[in-house]
Amino acid sequence: MNNIGAKTIERMHEVYGTMASDLHCAIGPSISKEHYEISEEVAQPFLELFKDRASEILIDNGFNPDGEHKYHLDLWAANRILLEKAGVPASRIYVTDLCTYENHDLLFSHRYTRGQRGNNGVFIKIKETSQC
């Protein structure tokens, strides 16, 4: 978990003077929380980073028959929270709610293909504005 969104916003501020409050951010397709089961080892850093808001991103599934503690992770909510913490207004954060696992015929899903390699792409646009 590298908080890429916040680092990108920080770098855009350094290079272009971009203010987080002026941004519109989209959270694109990814696996939904219903299909993203993770181990306690993977969940632990999220529990630490999102101390006060962990219940918004993690669903505790308890222990499976093998004695492993499992969670479901909401990547969309986690990224939304991180963008808000970076200063992007909640009203300017858009989530596609398009699950790659459920839509594997349209988008690559690592989880659906059980680890096969594939790619999805993203486009970012920096719009020039004139200063008044």
Side-chain angles (χ1 to χ4, degrees):
M1 166 177 15
N2 296 321
N3 203 355
I4 293 169
K7 289 178 182 176
T8 301
I9 291 168
E10 186 178 306
R11 185 70 177 139
M12 287 174 63
H13 179 72
E14 292 169 5
V15 174
Y16 303 108
T18 304
M19 301 301 294
S21 59
D22 293 334
L23 293 173
H24 289 262
C25 296
I27 298 170
S30 65
I31 193 166
S32 64
K33 66 182 173 192
E34 291 80 13
H35 297 285
Y36 196 31
E37 184 178 66
I38 61 172
S39 67
E40 186 168 21
E41 178 183 336
V42 173
Q44 198 57 45
F46 286 93
L47 289 166
E48 292 170 15
L49 182 62
F50 294 88
K51 290 178 183 123
D52 298 336
R53 299 182 74 177
S55 64
E56 294 179 52
I57 65 162
L58 287 167
I59 299 166
D60 189 338
N61 292 343
F63 292 88
N64 68 13
D66 295 328
E68 302 166 320
H69 196 176
K70 297 291 186 173
Y71 295 82
H72 275 96
L73 175 60
D74 188 337
L75 291 171
W76 300 329
N79 282 293
R80 180 184 45 76
I81 291 167
L82 291 172
L83 289 170
E84 288 175 8
K85 284 183 178 180
V88 179
S91 64
R92 291 180 174 220
I93 301 171
Y94 313 96
V95 181
T96 62
D97 292 338
L98 186 60
C99 176
T100 53
Y101 186 91
E102 292 174 9
N103 295 281
H104 58 88
D105 54 333
L106 298 172
L107 300 160
F108 173 73
S109 171
H110 182 80
R111 183 72 51 119
Y112 185 84
T113 62
R114 299 176 192 230
Q116 291 180 10
R117 292 289 305 152
N119 295 300
N120 290 315
V122 66
F123 295 93
I124 299 172
K125 179 180 180 182
I126 298 175
K127 182 179 173 183
E128 290 187 41
T129 59
S130 60
Q131 299 290 354
C132 297

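Note that the structure is a prediction, hence the values are computed from the model and not measured.
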Q) If you measure from CG on Leu49 to CD1 on Ile57, what distance do you get to the nearest 0.5 Å? A) 7.5 Å

(Q) So that I can tick it off, tell me whether Arg11 and Glu14 are bridged by a salt bridge, with the cut-off set at under 4.0 angstrom between side-chain N and carboxylate O. (A) yes

Q. Distance from Tyr71 atom OH to Ile38 atom CD1, nearest 0.5 Å?
A. 8.5 Å

**Q.** Cluster check Val88, Val15: I/L/V/M/F/W/Y, side chain < 4.5 angstrom
**A.** yes

Q.
Are Met12 and Met19 linked, directly or through intermediate hydrophobic residues, by side-chain heavy-atom contacts shorter than 4.5 Å (ILVMFWY only)?
A. no

Q: With the side chain counted from C-beta on, respond yes when His69 and Asp60 share a heavy-atom pair under 4.5 Å apart, and no when they do not.
A: yes

Q: Return the set of residues passing salt bridge (charged side-chain N to carboxylate O under 4.0 Å, His left out) with Arg53 (not counting sequence neighbours), or none when no residue passes.
A: Glu56, Glu84

Q: Find out whether Asn79 and Ile93 are in side-chain contact, i.e. whether some heavy atom of one side chain is under 4.5 Å from a heavy atom of the other.
A: no

**Q.** Minimal non-hydrogen separation, Asp22 against Arg92, with atom names
**A.** O-NH1, 2.9 Å

Q) Looking at residues at least two apart in the chain, or sitting in another chain, which of them share a side-chain hydrogen bond (donor to acceptor under 3.5 Å, both in side chains) with His13? A) none

Q) Under 4.5 Å between side-chain heavy atoms, hopping through other hydrophobics if needed: is there a path connecting Ile81 to Val42? A) yes

Q.
Show the nearest heavy-atom pair for residues Ile9 and Ala86, with the distance to one decimal.
A. CD1-CB, 4.0 Å

Q: Calculate, to the nearest 0.5 Å, the distance between atoms NE2 and CD1 belonging to His72 and Ile59 respectively.
A: 7.0 Å

Q.
Quick check: do Lys85 and Asn3 have side-chain heavy atoms less than 4.5 Å from each other?
A. no

Q) Under the 3.5 angstrom rule, does the side chain of Asn2 hit a backbone N or O of Ile4 as a donor-acceptor pair? A) no

**Q.** Pair Glu34, Ser32: side-chain N/O donor-acceptor within cut-off below 3.5 Å
**A.** yes

Q) CD1/Ile31 to CG/Leu73 distance, rounded to the nearest 0.5 angstrom? A) 9.5 Å

Q) If you look at every heavy atom in Pro29 and Thr96, which pair is closest and at what distance? A) N-OG1, 3.3 Å

(Q) According to side-chain contact (heavy atoms from CB on, under 4.5 Å), who are the partners of Ser30, at least two apart in sequence or on a separate chain? (A) Leu75, Trp76

Q. From Asn61 CG over to Glu68 CD, what is the distance, rounded to the nearest 0.5 angstrom?
A. 12.0 Å

Q.
Using every non-hydrogen atom in the two residues, find where Leu83 and Cys25 come nearest and quote the distance to one decimal.
A. CD1-CB, 3.8 Å

**Q.** Same cluster (ILVMFWY, side-chain, under 4.5 Å), Tyr94 and Leu82
**A.** no

Q: Output the distance between atom OG1 (Thr100) and atom NE2 (His35), rounded to the nearest 0.5 Å.
A: 9.5 Å

